There are 2 protein chains.
Amino acid sequence: MKRVSVTIKEIAKALDVSKSTVSRALRDSSEISSETRRKVMELAEKLNYYPNPIAISLLKNRTQTIGVIVPDIANRFYSSAIGGVEDIAYSRGYHTMIYQSHELLERELSASRHIASRRVDGLVVAISSQSENIDHFVALQEQGIPVVFFDRVSDAMQTHKVRVDDYKGAFEATEHLIQRGCRRIAHIAGPEKVSITRFRLEGYKDALRKHGIAFQEEWVRHSEITQAGGTERTYQLMALRERPDAIFGASDRITMGVHWALRQLGYKMPDDVAVIGFCDLAMSSLLDPPVSSVTQPSFEMGQQATSLLLDLIESKSTPAEYETRVLRSNLVINKSSLREIVGS
Amino acid sequence: MKRVSVTIKEIAKALDVSKSTVSRALRDSSEISSETRRKVMELAEKLNYYPNPIAISLLKNRTQTIGVIVPDIANRFYSSAIGGVEDIAYSRGYHTMIYQSHELLERELSASRHIASRRVDGLVVAISSQSENIDHFVALQEQGIPVVFFDRVSDAMQTHKVRVDDYKGAFEATEHLIQRGCRRIAHIAGPEKVSITRFRLEGYKDALRKHGIAFQEEWVRHSEITQAGGTERTYQLMALRERPDAIFGASDRITMGVHWALRQLGYKMPDDVAVIGFCDLAMSSLLDPPVSSVTQPSFEMGQQATSLLLDLIESKSTPAEYETRVLRSNLVINKSSLREIVGS
DNA sequence: CTGAAAGCGCTTACAG
DNA sequence: CTGAAAGCGCTTACAG
């Protein structure tokens, strides 16, 4: 199909002035007669003229568009973060292009290539769990396209980062379970290479240590961020000779799997097994029993990452130093972890 | 920050040939000596040269990018459909830009404007519930940017459409409830103006009629596609003097609200109230009891809409006639509607 | 206040 | 096989 649009040239010809004059009139330059401006504006309006942003991009080498890469847009944590990105981008006059990596390095590479070649002005990313190597993001940065990380960050690159206090969130969740009388607390962690997995695991371990509970390797299982992963690990855990009396899941998907598996197996929550998750469980209240969870300010993370990014884009120079913002998580207690406290 | 990239000009200068020659060598034109081609390719490789797609877009008036507008990417139905869009687009060499309307006409207008001005090659849309007027899509089409509708379609515009057999899905769901002995079947429908709402409502009514059950206005409630909407309508329905013995929800979000409200109110599913939803409830099995539902091939809808769109984009002329594809929905029975059948 | 000219990065008839 | 030139739609010093 053929595309039709009005150009500056046609307006110039119709009004018998030069393209330069039309351009100036449209951009409201000061050095133009109000009479000319009026005529140009009127005709532009009438012809429904819009400047071709592609031409402007070619000229300015700027597109007023930023990219976002997340593992999976269907994940509420990420879709909410994208909401935050759009919020800030929109209000500062930028558009947003959304990419999903599906946790695949290959897709992340393809998105990076698209971003580089389409001259997107900057990028907000939560790194795919499969991406141990992040040279593609370093390359973007060197090419002058700033990159800001959120949620899943990496030490392998100097830039702004926004994350949640995973360590503390995990520590508090674990301590809460201990306070409710649990002693055999299992942790279904995320993929091993991911930054947040390590932070959460540390928080879990340190809470055990603080309360004099021995850490047991077999009670920690790594899993993909899927319901199936949570289910399978729960089966493994409950099959152990010494079975856990609590399970702390590293994400909402995983925790949904835990919940499902425990129900299948006929365990009561919280009495047989107390359960707590990690993420913003909007749907947590739908489950029976409703699930306790460490909630994260996902929308705000998107906002902050974007605002840091736009600052980078709009500043002429590389900042003296990069910033890592650590936001607070929040412990929301529900029935799934609310055991009767027995004894001491 | 400043952007650096290699251009054709620099390659030409380094090799002491013309830009034309470099361009031809890169595009592997036939009229070029293999020696020159080799030299150019080598240097391009070494300098990490990529053609500037913005320049090419300006030239060809094509961007190899399509847009998708959905009400809400966090909704599984839409995120899955987007997966289908990406699948086809990717395999045919196109990129995808995702927009959310958040069910707001204003956001839909802003996305349409961006699409028009960025010269996106085409658009796949599920119309926002707030958009009674779709002139903005007609305008895109007239401007030469083809638009294909899926899920939420409109009669106000001639184009390809892909939808599910909502009428039949609703008919079967309602009939199933009747067969399980329900007689006072309520329907929480979607927003009034939306096409699928009407089709589903018709299916519901016709199933009642077929089985000689009188239709009652007060048992149909319109709601937004939210959990809160489903909850509130359920309260209203259960407060009626003659309360329903079954509720058929028009979407998964709504049905989640129904489920929650019934649990809060202490009704047993399916014995007090049988429940059935409409959408691909991946999470349906997580609820207790698991929810029956009319499932839709969302991924496939995205694929088909995109493949129709790309055909439009790549054909030179307007097609003789537009096509409306109606896909099959599927009834998945779970405990929430599985009542004991009493008597005949 | 207005216009002619150059240029953003590329492609492609048109000559040779 | 190669180069010079025009052009995609726009902006902006540079002259006047």
Side-chain angles (χ1 to χ4, degrees), chain A residues 2-41 43-44 47-65 116-121 143-145, chain B residues 2-41 43-44 47-65 116-121 143-145:
Chain A
K2 279 260 284 310
R3 200 67 61 70
V4 239
S5 358
V6 189
T7 71
I8 231 170
K9 197 162 139 190
E10 295 158 46
I11 298 186
K13 183 182 267 178
L15 258 37
D16 201 34
V17 293
S18 74
K19 291 189 300 172
S20 331
T21 304
V22 174
S23 172
R24 278 191 275 256
L26 289 168
R27 348 211 70 258
D28 206 26
S29 154
S30 58
E31 41 175 38
I32 198 90
S33 79
S34 57
E35 169 62 6
T36 316
R37 177 184 303 139
R38 196 189 48 70
K39 282 197 323 205
V40 171
M41 290 303 235
L43 187 58
L47 297 180
N48 201 16
Y49 168 83
Y50 283 103
N52 182 333
I54 297 190
I56 297 174
S57 291
L58 188 58
L59 225 45
K60 310 253 184 192
N61 214 7
R62 291 281 304 278
T63 54
Q64 292 292 117
T65 302
S117 76
R118 300 269 2 141
R119 270 47 171 190
V120 162
D121 293 341
Q143 222 189 308
I145 302 177
Chain B
K2 277 260 283 311
R3 199 67 59 73
V4 238
S5 357
V6 188
T7 71
I8 229 171
K9 197 161 140 194
E10 295 160 44
I11 298 186
K13 184 183 265 177
L15 258 35
D16 201 34
V17 293
S18 75
K19 291 190 300 173
S20 331
T21 304
V22 174
S23 173
R24 278 191 276 255
L26 289 168
R27 348 209 71 258
D28 207 26
S29 153
S30 58
E31 43 175 36
I32 199 95
S33 79
S34 57
E35 168 62 8
T36 315
R37 177 185 302 140
R38 197 188 49 70
K39 281 196 323 203
V40 170
M41 290 302 235
L43 187 59
L47 296 180
N48 202 16
Y49 169 83
Y50 282 102
N52 183 333
I54 298 189
I56 298 173
S57 290
L58 187 59
L59 226 45
K60 311 253 185 193
N61 215 8
R62 290 281 303 279
T63 54
Q64 292 291 118
T65 302
S117 75
R118 300 252 28 122
R119 269 50 169 184
V120 163
D121 294 340
Q143 224 189 306
I145 301 177

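Proteins come first, then strands; the chains are lettered A, B, ... in the order of their sequence lines, and each starts at number 1. Predicted model only: the values in this text are computed from it and were never measured.
Following rounding to the nearest Å, B:L26 (CG) and C:dT12 (P) show an atom-to-atom distance of 13 Å. In this structure, A:E10 places its CD atom 13 Å from C1' of D:dC10, rounding to the nearest Å. Atom NZ in B:K39 sits about 12 Å away from atom C1' in D:dT2, given to the nearest Å. Regarding B:L15, its CG atom lies at a distance of 10 Å from the P atom of D:dG3, rounded to whole Å. Distance, B:E35 CD to D:dC1 P: 12 Å, rounded to whole Å. Between the CD1 atom of B:I11 and the P atom of C:dG9 there is a distance of 13 Å, rounded to whole Å. Separating the CD1 atom of A:I8 from the C1' atom of C:dG3 is a distance of 14 Å, rounded to the nearest angstrom. In this structure, A:R24 atom CZ and C:dC1 atom P are separated by 12 Å, rounded to whole Å.
Between the side chain of A:R119 and the base of C:dG9, no donor-acceptor pair of N or O atoms lies under 3.5 Å.
A distance of about 16 Å separates the P atoms of D:dA4 and C:dG7, rounded to the whole Å. When the P atom is used for both C:dT2 and C:dA6, the distance is 23 Å, rounded to whole Å.
The stretch residues 47-55 of chain A has no heavy atom under 4.0 Å from DNA chain C, so no residue of it qualifies as close.
Within the structure, every side-chain polar atom (N or O) of B:T36 is placed at least 4.0 Å from both OP1 and OP2 of D:dC1.
For the pair B:L58 and B:K19, nearest-nucleotide mapping onto DNA chain D gives the more 5' position to B:K19. Each of B:V17 and B:L59 was matched to the nucleotide of DNA chain D holding its nearest heavy atom; the match closer to the 5' end belongs to B:V17.
B:L15 pairs in a side-chain contact (heavy atoms from CB on, under 4.5 Å) with only one of the listed residues (B:V40, B:V22, B:T21), which is B:V40.
Between A:E35 and A:R38, at least one side-chain N (NZ, or NE/NH1/NH2) sits under 4.0 Å from a carboxylate O, which counts as a salt bridge.
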- [ ] Report the secondary structure of DNA chain C in dot-bracket form, marking unpaired bases with a dot and bases paired to a different strand with |, and treating Watson-Crick or G-U pairs with both distances under 3.5 Å as paired.
- [x] |||.||||||||.|||
